[in-house]
2 protein chains.
Amino acid sequence: MNFITFTESHLRNFTYNVFKKMGCSDEHATLATDVLVRSDLRGIDSHGVARLSGYVRLWEKNRINAKPNIKIVHETPTTATIDGDAGLGLVVAPFAMKVAIEKAEKYGSGWVSVKNSNHFGIAGYHALMAVEKDMIGISMTNASPLVAPTYANERLLGTNPMCYAFPAGKYPPVIVDMATSAAANGKLEIAQRANKPVPDGWVQDKNGESSIDPNELKNGGSLLPLGSDKDHGSHKGYGLSATVDILSAVLSGANYGPWVPPFVAFLEPSANPVGEGLGHFLGAMRVDGFRPAEDFKNHLDNWVERFKNAQTIDPNKKVIIPGEPEHEFEQERKVSGIPLIDVVVNDLNELALKLGIQGLS
Amino acid sequence: MNFITFTESHLRNFTYNVFKKMGCSDEHATLATDVLVRSDLRGIDSHGVARLSGYVRLWEKNRINAKPNIKIVHETPTTATIDGDAGLGLVVAPFAMKVAIEKAEKYGSGWVSVKNSNHFGIAGYHALMAVEKDMIGISMTNASPLVAPTYANERLLGTNPMCYAFPAGKYPPVIVDMATSAAANGKLEIAQRANKPVPDGWVQDKNGESSIDPNELKNGGSLLPLGSDKDHGSHKGYGLSATVDILSAVLSGANYGPWVPPFVAFLEPSANPVGEGLGHFLGAMRVDGFRPAEDFKNHLDNWVERFKNAQTIDPNKKVIIPGEPEHEFEQERKVSGIPLIDVVVNDLNELALKLGIQGLS
């Protein structure tokens with residue numbers, strides 16, 4: 001595996017040109033680019049520009065609308081449902097989070113459920129929008145069914161991530177951003193490429209037997225919920241994933257469970273959908289709706305320090321503060337650039353050729 | 001192990017008398033009784049009347065105030081911080097949830113962070129208060145430090161439960177109510193009484209080695225976060241537990257992390273607290289703030305049916321809908337009574353003797 005390193009601005013220009021070629025407005029192309037490149041900057045390579053040709057393929061199949069009319073279809077002072085008009089989740093979700101933030105500015109908190117959307121990139125991007133306003137940010141999305149609930153050998157849930165983000169004082173924001181499955185699908189893909197087994201407890205085969213083969217999903221297998229098996233709390237991972245599904249889709253009118261449209265263009269969406277597109281859930285709460293923001297930040301700094309200084313099993317390994325590794329990646333990659341593996345670079349060059357724009361390299 | 005079965009009303013009378021003897025008002029004694037007995041009714045025996053003498057011991061040490069002046073100390077239209085005045089969490093949390101519900105009635109949603117409280121019983125009780133009003137209920141609490149974050153061999157977090165509850169139509173509410181540790185402490189206590197090993201991945205010994213000894217906690221060991229180890233996502237369980245801790249305590253001004261006061265009376269609280277008591281976080285969102293309640297309930301019923309009818313690995317085991325087993329327990333125990341193990345019955349009879357009230361049996 002070879003890596004080629006690109007500057008942030010080069011990657012931004014390329015990505016912007018792709019979205020423009022799809023027909024996105026300047027504003028949407030810039031925003032969608034920011035969501036993807038920020039993912040690469042933060043070291044979450046699986047959710048960055050590596051997904052660009054996937055979005056394009058969905059657009060080619062008319063499953064992504066490049067010129068969406070995103071609108072509020074139902075609301076109270078602090079809640080709203082948004083119809084994403086089949087737009088890129090990369091622009092629909094920030095629109096929704098803006099609505100949540102505006103409501104929070106006025107009333108203390110704001111909560112938005114979204115239907116008729118598509119994949120929204122990293123959950124952390126949207127939650128961080130609230131953090132920048134001294135708010136607590138919450139973001140979730142449902143996703144294509146890959147995960148079997150406890151006892152099932154059917155894929156009924158996505159890896160349905162949830163994210164909670166908190167503003168700190170002298171430390172970076174604390175950001176819990178996690179798939180509710182034992183492992184995210186991206187980790188499985190890494191093992192597939194490297195042709196390596198995965199730990200027991202990540203996947204089961206089509207008969208529901210635990211497996212270490214990263215290719216099980218292609219053979220009718222499923223990912224497992226966080227907790228892996230009943231003894232270790234897989235019903236909790238399943239419950240969290242169900243929570244994300246209900247808040248994102250049952251509440252908004254999007255598809256839920258096995259009806260969520262697949263992210264890959266070669267699989268067709270359900271012929272009998274129960275809603276529109278896929279769903280997200282976004283929330284913002286003003287910290288100073290509970291206590292002065294400075295008090296909160298000082299105590300969160302104290303929390304962070306106590307956990308950073310915890311006694312560890314291996315003296316070479318420290319307790320990790322959620323969000324800190326991504327923050328460190330971002331500082332470093334802003335300076336030294338973003339490494340992409342050659343497979344991704346080739347894929348993006350082919351995409352450029354197809355779209356008639358300048359290649360990445 | 002022998003069980004003695006009591007009627008709901010007998011158990012309620014006994015529990016009410018204990019709280020009255022502590023000096024609680026009629027209203028508080030009735031409410032605290034309802035929280036505990038409802039836990040037993042719902043089959044969550046670890047959090048019901050079995051804990052009664054624990055509350056009394058904390059009251060004897062002046063760590064629980066039986067006559068609290070619970071009040072809002074900070075608020076916006078949809079957020080509030082409540083000072084529980086060292087009262088029973090069993091009465092402080094319902095007070096806070098009522099505030100959240102009132103705000104949601106007016107503005108669509110309500111969010112309350114609570115400081116200076118004590119153990120609040122089952123999280124599901126409080127979330128269900130919102131469900132009864134056709135709202136989504138959220139409840140969390142931090143708790144005595146028993147859990148080591150990933151890589152640590154110190155107990156820095158409680159089993160910090162989170163609960164999300166949703167009103168359905170023809171089905172019981174969907175209630176995800178879970179400790180964010182691999183196993184709740186109650187499960188460990190059951191293994192201790194039965195003198196049986198626990199599954200690998202629940203606890204580690206004082207050196208951070210995985211252990212199957214349920215007594216490890218007495219010897220300096222720790223519970224493990226949901227996910228059990230890094231490979232299986234223990235950083236996610238740790239992240240969820242951190243989220244509960246921050247929302248419940250850093251946001252309200254309660255103690256967090258290792259500073260949370262112990263639930264057991266024989267351990268003293270920190271001499272240098274970072275806040276007051278322990279903390280909760282409660283929320284309510286009107287379903288019809290997002291879409292008509294009937295639409296939501298119909299789709300949640302459809303969700304439930306799809307999951308109930310999922311293909312399973314073992315044809316004798318069905319996929320469990322979160323909250324359904326507890327609902328079935330409640331229906332059954334309301335009729336056939338509540339079985340208590342003899343150890344608990346003896347403990348409660350001794351408690352009665354000490355307080356000078358009539359025994360349980």
Side-chain angles (χ1 to χ4, degrees), chain A residues 74 76-79 81 107-109 111 113 149-154 156 164 166 174 176 178 182-183 199 201 208 226-228 231-233 235-236 239-240 242-243 246 250-253 256-258 274 285-286 289-291 296 299-300 302-303 306-307 310-313 317-320 322, chain B residues 74 76-79 81 107-109 111 113 149-154 156 164 166 174 176 178 182-183 199 201 208 226-228 231-233 235-236 239-240 242-243 246 250-253 256-258 274 285-286 289-291 296 299-300 302-303 306-307 310-313 317-320 322:
Chain A
H74 190 110
T76 70
T78 66
T79 64
T81 297
Y107 298 101
S109 72
W111 304 89
S113 194
T150 308
Y151 298 144
N153 62 353
E154 265 194 282
L156 295 180
Y164 293 88
F166 306 94
V174 173
V176 177
M178 48 173 269
L226 175 59
S228 299
D231 261 359
H232 296 89
H235 53 293
K236 299 180 182 185
L240 291 170
T243 298
I246 296 168
V250 179
L251 194 55
S252 66
Y256 41 83
V274 294
M285 290 189 290
R286 279 169 61 163
F290 297 92
R291 73 188 301 186
F296 176 83
H299 278 284
L300 192 53
N302 188 43
W303 191 100
R306 182 62 183 85
F307 280 70
Q311 195 183 316
T312 49
I313 300 165
K317 276 187 182 155
K318 292 190 81 72
V319 167
I320 293 167
Chain B
H74 191 109
T76 71
T78 67
T79 64
T81 297
Y107 298 101
S109 72
W111 305 88
S113 194
T150 308
Y151 299 143
N153 63 352
E154 264 194 282
L156 294 180
Y164 293 88
F166 305 95
V174 173
V176 177
M178 49 173 269
L226 175 59
S228 299
D231 260 358
H232 296 89
H235 53 294
K236 299 181 183 185
L240 291 170
T243 298
I246 296 167
V250 179
L251 193 56
S252 67
Y256 43 80
V274 293
M285 289 189 289
R286 281 169 60 164
F290 297 92
R291 72 188 300 187
F296 176 83
H299 278 284
L300 192 53
N302 187 44
W303 191 100
R306 182 63 185 85
F307 280 71
Q311 195 183 316
T312 49
I313 300 165
K317 275 187 183 155
K318 292 188 82 71
V319 166
I320 293 167

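Protein chains get the first letters and strands the later ones, always in sequence-line order, with residue 1 at the start of each.
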Inset, instruction - Please identify each residue that fulfils ring-ring contact (aromatic ring centres under 6.0 Å, His included) with B:Y151, with sequence neighbours left out. - result: none

Inset, instruction - Using a cut-off of under 4.5 Å on heavy-atom pairs, state which of B:K318, B:R286, B:H235, B:K317 scores highest against chain A. - result: B:K317

Inset, instruction - Give, for atom CG of A:L240 and atom OH of B:Y164, the distance between the pair rounded to the nearest 0.5 Å. - result: 7.5 Å

Legend entry - Shortest non-hydrogen contact between B:G108 and A:T79, atoms and distance: O-CG2, 3.7 Å

Inset, instruction - Examine distances only and state if a side-chain atom of B:E154 and a backbone atom of A:Q311 form a donor-acceptor pair shorter than 3.5 Å. - result: yes

Inset, instruction - Could you have a look at A:G239, A:S252, A:A242 and say which one has the most heavy-atom pairs with chain B under 4.5 angstrom? - result: A:G239

Legend entry - Region of A:F290 that comes under 4.5 Å of a non-hydrogen atom in chain B: both

Legend entry - Partner chain B: residue of A:T76, A:V250, A:V274 with the largest heavy-atom pair count (under 4.5 Å): A:V250

Inset, instruction - Tell me, out of B:M285, B:H299, B:H74, who's got the most heavy-atom pairs with chain A below 4.5 Å. - result: B:H74

Inset, instruction - Could you tell me which portion of B:A183 (side chain, backbone, both or neither) has an atom closer than 4.5 angstrom to a non-hydrogen atom of chain A? - result: backbone

Inset, instruction - Check A:G201 against B:H232 and note the closest heavy-atom contact, atom names and distance. - result: CA-CD2, 4.2 Å

Inset, instruction - Identify which of A:V319, A:I246, A:T81 forms the greatest number of heavy-atom pairs closer than 4.5 Å to chain B. - result: A:I246

Legend entry - Interchain contact, A:F296 with chain B, by part (heavy-atom threshold 4.5 Å): both

Legend entry - Segment of A:Y107 engaging chain B (4.5 angstrom heavy-atom cut-off): both

Inset, instruction - Identify which of A:V174, A:T150, A:L251 forms the greatest number of heavy-atom pairs closer than 4.5 Å to chain B. - result: A:L251

Legend entry - side-chain contact (heavy atoms from CB on, under 4.5 Å) assessment of B:F166 paired with B:W303: CA-CA 12 Å; B:F166 305 95; B:W303 191 100; over 6 Å; no

Inset, instruction - Could you tell me which residues satisfy side chain to side chain donor-acceptor pair (under 3.5 Å) with A:T78, sequence neighbours excluded, listed by chain and number? - result: B:S109

